[in-house]
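Working notes, beginning with the structure itself.
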Amino acid sequence: MDPEAELTTRETRWELWAGPPDFPYWYATASTDTPTVLLKAVTECISDPAPLPRWREDTFSYGEGKAQLTPIRPPAPSPLDVQRAAIRRAAARPTASVPRWSTTSQPATGTRR
């Protein structure tokens, strides 16, 4: 197959899809020039039966009823969770007034030239 035609037409060397043939839920295509190691890695990832963590907002309505959604809790807070909690705690504390002093000096009188 002509690699240029693969990029400009709907003809592909590799096609991966999931779901019924008449309406796949997911698909990907790759050209002749796609490295075999990349195709192997993608194939292994999509065929792995282990659950895949996703944000609920990132699941699409057309997948409803086709995937099992199970809430999970991380075993420990991530660094981002720790940072967000610190920001929330700092925002909840009342702001204290801090005394301030001026460090300016008086202009000298009777200066010589």
Side-chain angles (χ1 to χ4, degrees):
M1 180 158 282
D2 176 25
E4 181 64 29
E6 291 179 286
L7 299 174
T8 58
T9 67
R10 294 187 62 104
E11 297 296 319
T12 61
R13 170 86 168 135
W14 304 97
E15 185 175 293
L16 304 159
W17 54 273
D22 57 334
F23 187 72
Y25 307 124
W26 176 90
Y27 73 94
T29 59
S31 71
T32 301
D33 293 334
T34 303
T36 307
V37 67
L38 178 60
L39 290 170
K40 181 180 181 216
V42 169
T43 303
E44 288 174 357
C45 288
I46 64 171
S47 62
D48 186 349
L52 179 65
R54 296 179 186 242
W55 296 107
R56 184 169 181 82
E57 297 81 27
D58 292 341
T59 59
F60 299 102
S61 60
Y62 65 80
E64 191 173 326
K66 296 166 183 66
Q68 179 181 352
L69 299 179
T70 306
I72 58 172
R73 298 269 181 223
S78 71
L80 182 59
D81 294 333
V82 171
Q83 180 184 15
R84 287 177 177 163
I87 291 169
R88 282 192 302 272
R89 281 192 306 273
R93 284 189 218 127
T95 306
S97 177
V98 178
R100 309 234 186 257
W101 292 271
S102 172
T103 58
T104 59
S105 57
Q106 296 289 336
T109 57
T111 56
R112 296 184 193 172
R113 288 191 177 186

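Residues Leu38 and Leu16 share a single hydrophobic cluster, defined by chaining ILVMFWY side chains whose heavy atoms lie under 4.5 Å apart. By the criterion of side-chain heavy atoms lying less than 4.5 angstrom apart, applied directly or through intervening Ile, Leu, Val, Met, Phe, Trp or Tyr residues, Leu39 is not grouped with Tyr27; the two fall into different hydrophobic clusters.
Residues Leu80 and Gln83 are in side-chain contact: their nearest non-hydrogen atoms beyond the backbone lie under 4.5 Å apart.
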